[in-house]
Amino acid sequence: MTNVRVRFAPSPTGPLHIGGVRTALYNYLFAKKSGGTFILRIEDTDQTRYVEGAEEYIMESLAWCGIIVDEGINEGGKYGPYRQSDRKAVYRQYADILIKRGDAYYAFDTSEELEALRKESESIGNTFIYNAAVRGKLKNSFTMTESAWKKKLEDGAPYVIRYRMPDNEDIHFDDMIRGHIVVNTGTLDDKVLFKSDGMPTYHLANIVDDHLMEITHVIRGEEWLPSLPLHFMLYRSFGWDSPLFAHLPLLLKPDGKGKLSKRDGDKMGFPVFPLFWPFGETAKGYREEGYYPEAFVNMLALLGWNPGTEQEIFSMEELTEAFSIERVGKSGSRFDPEKAKWFNHQYLQKKSNNQLAMEFREFLRAKGFHNDIGDLEKLVGLVKERVSFVKDIWSETDFFFKAPETYDNEVIKKRWKEDSPAILMELSSLLKNLHDFSSSATEPAVKAWIEEKGYNMGQVMNVFRLVIVGTSRGPHIFDIISWIGKEETLNRIKKGISAISV
RNA sequence: GGUCCAUUCGUCUAGUGGUUAGGACGUCAGGUUUUCAUCCUGGUAACAGGGGUUCGAUUCCCCUAUGGACUACCA
């Protein structure tokens with residue numbers, strides 16, 4: 001088998017959608033599985049949609065995910081340049097080849113004229129398509145005399161170059177995911193290949209570049225499936241072998257209908273982009289929300305592909321090993337934000353307490369804590385298994401850092417009894433006399449005291465937790481007091497008694 | 001409207017011409033924790049509908065329905 005060469009070819013029109021990231025990932029996995037080459041090509045032939053910062057965003061996103069580009073605008077390579085606007089000079093000659101072969105032609109219709117035609121057709125319930133049926137009535141090198149259209153070109157009149165789609169021919173082609181497809185050219189239109197601004201359209205640039213860059217497999221989103229027949233025709237007109245195609249199913253909204261959009265994320269509170277997008281209308285990113293790239297990639301890989309086994313947790317290496325186009329599904333996948341969290345939970349559990357403590361320390365610094373924040377490794381160990389994100393450690397441990405300011409009324413109503421203050425006072429003096437304040441020392445001491453006094457556990461432990469935490473949640477109470485220390489424990493008991501007894 | 005694509009639990013999916021249709025997320029129940037969460041155990045829940053083909057279809061074919069993509073001098 002020849003060397004696999006695949007490309008990811010986004011347009012720099014804004015932040016890269018997670019559907020795009022998944023396309024890049026599948027390309028990457030496919031290439032790496034066979035030791036092939038992953039190419040990043042920037043498709044910026046539409047200058048009006050170019051967005052500053054988007055190229056960098058794309059590259060940073062791939063890097064964050066651990067997708068390594070072999071050839072691209074930064075990496076270079078033998079087939080460059082890798083930005084289509086830098087390849088402008090190469091496209092025109094290919095358009096000319098098509099014209100010479102009679103497979104393409106000049107057209108002088110203005111956008112306004114065509115728009116009017118479209119409206120007119122629509123008003124009588126038809127769809128206007130620029131094809132064999134109408135091309136004979138419009139302004140182009142078929143309807144004009146050679147001297148007339150040549151004169152127009154010489155005069156610098158604006159024109160486009162269109163592909164001449166055959167009138168009525170069944171064309172057959174194959175997709176690695178969808179199998180064999182047949183389309184009649186009569187339903188297709190004469191697509192513009194070369195725009196009046198001197199730039200090629202996607203269709204021309206894409207085919208020319210894929211050929212020149214010796215791309216062997218085109219793995220892209222399903223939204224391209226309708227233009228596949230055109231692309232096949234172009235390869236045929238040029239006399240080139242076409243690469244193999246695989247059209248990936250789309251990522252759909254978690255609820256309702258249609259493909260996943262930024263709005264869904266905003267509405268339901270999850271990101272639709274890998275990284276925070278800082279320009280203009282900003283957008284949340286998985287990285288900034290606290291997702292690990294490994295978890296993000298794992299989640300994305302399983303959305304539309306499965307290994308055929310019951311394994312769900314995969315490293316990039318394992319994904320590379322297991323991936324195959326054959327196991328990519330045919331139908332669109334609804335995105336499930338809950339499952340995304342679950343993946344992150346799995347990866348967080350695998351981190352060492354030491355590593356998590358470091359990450360949590362960073363988090364605390366950003367929050368303004370600078371010194372004296374205690375044994376974070378131990379703290380993290382107490383709550384690790386209940387969190388999915390490093391930021392959750394904070395919401396699970398805020399009461400470690402500061403005494404409660406309010407006390408849960410529900411819990412007070414249920415647990416606070418007349419004798420509670422007296423019992424807590426007793427408990428306080430008991431704790432005061434303990435020298436070893438570790439959990440393993442305080443717990444048996446307190447339990448023995450409860451037994452000796454004939455109290456029951458519930459009447460003591462619940463109010464104890466209430467004054468220490470402020471409500472009924474959190475890790476083992478003796479672990480908490482051990483971490484905050486004797487002095488703080490006694491203070492909280494005292495404060496709690498006076499605050500609640502009022 | 002037209003062209004093309006798709007359709008297994010709520011979601012991601014496995015699977016087969018004859019299976020108790022499997023797993024994961026979610027959800028529910030029980031257990032653990034005298035808290036909350038985690039965790040463990042168990043339960044709930046699906047082959048879109050109608051025709052064929054066949055001894056037998058969830059699986060193969062056709063139709064319908066539903067969903068989706070595309071329908072620009074955007075990609």
Side-chain angles (χ1 to χ4, degrees), chain A residues 9-13 43-46 48-49 84 107 109-111 114-115 118 121-122 125-130 158-162 175 177-179 181-184 186-189 191-203 205-206 220-229 247 249-250 252-255 257-259 299 302-313 327 329-343 345 349 383-388 392 396 408 411 414-415 456-462 464-466 469 471-477:
Chain A
S11 290
T13 55
E43 307 221 329
D44 58 346
T45 52
D46 185 357
T48 63
R49 293 211 307 157
Q84 288 185 329
D109 318 277
T110 66
S111 302
L114 293 174
E115 190 52 37
R118 252 176 228 118
S121 288
E122 206 176 300
N126 287 340
T127 308
F128 171 80
I129 44 175
Y130 204 122
Y159 67 93
V160 300
I161 297 173
R162 284 181 183 272
D175 181 275
I177 293 171
R178 283 151 222 282
I181 300 169
V182 184
V183 175
N184 189 283
T187 64
L188 272 20
D189 60 347
K191 273 273 178 291
V192 171
L193 300 179
F194 206 83
K195 299 184 272 187
S196 56
D197 66 358
M199 286 292 254
T201 61
Y202 170 84
H203 304 291
N206 189 262
R220 76 229 293 196
E222 188 186 306
E223 68 269 26
W224 292 110
L225 201 49
S227 50
L228 186 53
H247 287 87
L250 265 16
L252 273 19
K253 295 176 188 297
D255 62 341
K257 301 162 181 184
K259 65 175 172 181
M299 177 271 295
L302 272 297
L303 213 50
W305 169 85
N306 78 83
T309 67
E310 286 179 3
Q311 183 178 354
E312 293 208 86
I313 302 299
R327 296 207 67 88
K330 289 177 172 34
S331 54
S333 312
R334 280 227 161 91
F335 180 74
D336 182 1
E338 285 305 315
K339 191 128 189 191
K341 285 183 194 156
W342 178 80
F343 274 107
H345 180 83
Q349 299 315 310
V383 296
K384 176 180 178 179
E385 61 189 21
R386 51 214 294 156
V387 302
S388 296
D392 292 347
E396 289 296 327
D408 192 323
V411 182
K414 195 167 163 200
R415 303 292 190 186
N456 59 57
M457 292 286 263
Q459 89 189 104
V460 177
M461 301 305 287
N462 288 300
F464 188 21
R465 177 174 294 276
L466 179 64
V469 175
T471 185
S472 66
R473 70 182 174 101
H476 196 54
I477 187 70

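Model, not experiment: these values are computed from the prediction. Throughout, a chain's letter reflects where its sequence line sits, starting with A, and its residues are numbered from 1.
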Say we look at rA21(B) and rG43(B): how far apart would their P atoms be, to the nearest angstrom? 15 Å
In whole angstrom, give the distance that lies between atom CG of Leu188(A) and atom C1' of rG2(B). 12 Å
Please give, in whole Å, the distance from rC39(B) C1' to Glu385(A) CD? 7 Å
Select base, sugar-phosphate, or nothing to describe what Gly221(A) touches, counting heavy atoms under 4.0 Å on all strands. nothing
Would you call Glu115(A) and Phe128(A) a side-chain contact if the rule is heavy atoms closer than 4.5 Å? no
Any heavy-atom pair between the side chains of Asn206(A) and Arg220(A) that's under 4.5 Å? yes
Between the protein and nucleotides 71-75 of chain B, are there any N/O to N/O pairs under 3.5 Å, and if so, what are the atom names and distances?
unit_1, atom_1, unit_2, atom_2, d
rC73(B), OP2, Arg162(A), NH2, 3.4
rC73(B), O2, Ser196(A), N, 2.7
rC73(B), O2, Ser196(A), OG, 2.6
rC73(B), N3, Ser196(A), OG, 2.9
rC73(B), N4, Asp109(A), O, 3.2
rC74(B), OP2, Lys195(A), NZ, 3.1
rC74(B), O2', Asp46(A), OD2, 3.0
rC74(B), O2', Arg49(A), NE, 3.2
rC74(B), O2', Arg49(A), NH2, 3.3
rC74(B), O2, Arg49(A), NH2, 3.3
rA75(B), OP1, Thr45(A), OG1, 2.8
rA75(B), OP1, Lys195(A), NZ, 2.8
rA75(B), OP2, Tyr202(A), N, 3.2
rA75(B), O3', Ser11(A), OG, 2.9
rA75(B), O3', Glu43(A), OE1, 3.2
rA75(B), O2', Ser11(A), OG, 2.4

Spacing of the P atoms in rG10(B) and rA48(B) (rounded, Å): 11 Å
Taking the same atom, C1', in rC61(B) and in rU20(B), what whole-Å distance lies between them? 29 Å
Taking atom C1' in both rG51(B) and rG67(B), compute the distance separating them and give it to the nearest angstrom. 22 Å
Nucleotide rU13(B), atom P - distance to CE of Met299(A) in whole Å: 13 Å
At under 4.0 Å between heavy atoms, what does Arg415(A) touch on the DNA or RNA strands: base, sugar-phosphate, or nothing? nothing
Name the closest nucleotide to the Asn462(A) side chain, picking from rU35(B), rU7(B), rA69(B). rU35(B)
Using the C1' atom on both, measure rG15(B) against rU8(B) and round to a whole Å. 10 Å
Nearest-nucleotide pick for Asn306(A), side chain only, options being rA69(B), rU7(B), rU13(B): rU13(B)
Between Met461(A) and Ile477(A), is any pair of side-chain heavy atoms under 4.5 Å apart? yes
I'd like to know if Glu312(A) pairs up with Lys339(A) as an ion pair, taking the criterion as any Lys NZ or Arg NE/NH1/NH2 lying under 4.0 Å from an Asp or Glu carboxylate oxygen. yes
Are any of the side-chain heavy atoms of Pro307(A) and Leu302(A) separated by less than 4.5 Å? yes
Closest nucleotide of RNA chain B for Gln459(A) versus for Val182(A): which of these residues is on the 5' side? Val182(A)
Aromatic plane relationship, Tyr202(A) with Trp224(A) - under 30° parallel, 30 to 60° tilted, over 60° perpendicular: parallel
To the nearest angstrom, the NE2-C1' distance between His247(A) and rC70(B) comes to 11 Å
In whole Å, I'd like the distance from the CZ atom of Arg386(A) to the P atom of rU38(B). 9 Å
Pro475(A) side chain near Val383(A) side chain, heavy-atom distance below 4.5 Å: yes
When all nucleic acid strands are considered with a 4.0 Å heavy-atom cut-off, which category describes Asn456(A): base, sugar-phosphate, or nothing? base
Mind checking whether Glu222(A) and Arg178(A) have side chains closer than 4.5 Å, heavy atoms only? yes
Listing time: all N or O pairs from protein to nucleotides 25-33 of chain B that are below 3.5 Å?
unit_1, atom_1, unit_2, atom_2, d
rC25(B), OP1, Trp342(A), NE1, 3.4

Check this for me, if you would: do Asp336(A) and Arg334(A) make a salt bridge, where the nitrogen-to-carboxylate-oxygen distance has to be below 4.0 angstrom? no
Name the closest nucleotide to the Ser333(A) side chain, picking from rU13(B), rU3(B), rA6(B). rU13(B)
Using a cut-off of strictly less than 4.0 Å, decide whether Thr471(A) has a side-chain nitrogen or oxygen near OP1 or OP2 of rU35(B). no
Rounding to the closest angstrom, what is the interatomic distance between rC4(B) and rG50(B) at atom C1'? 24 Å
Any side-chain heavy atom of Thr201(A) within less than 4.5 Å of one from Lys191(A)? no
Can you name the closest pair of heavy atoms from Pro229(A) and Leu225(A) and give their distance? CD-O, 3.6 Å
Regarding Ile181(A), tell me which of base, sugar-phosphate or nothing describes its non-hydrogen contacts under 4.0 Å with the strands shown. sugar-phosphate
From CG of Leu252(A) over to P of rC5(B), roughly how many Å is that when rounded to an integer? 18 Å
Rounded to whole angstrom, note down the C1' distance from rU16(B) over to rG22(B). 12 Å
Rounded distance (Å) that lies between atom P of rC4(B) and atom CG of Leu225(A): 11 Å
From CZ of Arg334(A) over to C1' of rG10(B), roughly how many Å is that when rounded to an integer? 9 Å
Roughly how many Å apart are rU59(B) and rG49(B), using the P atom of each and rounding to a whole number? 10 Å
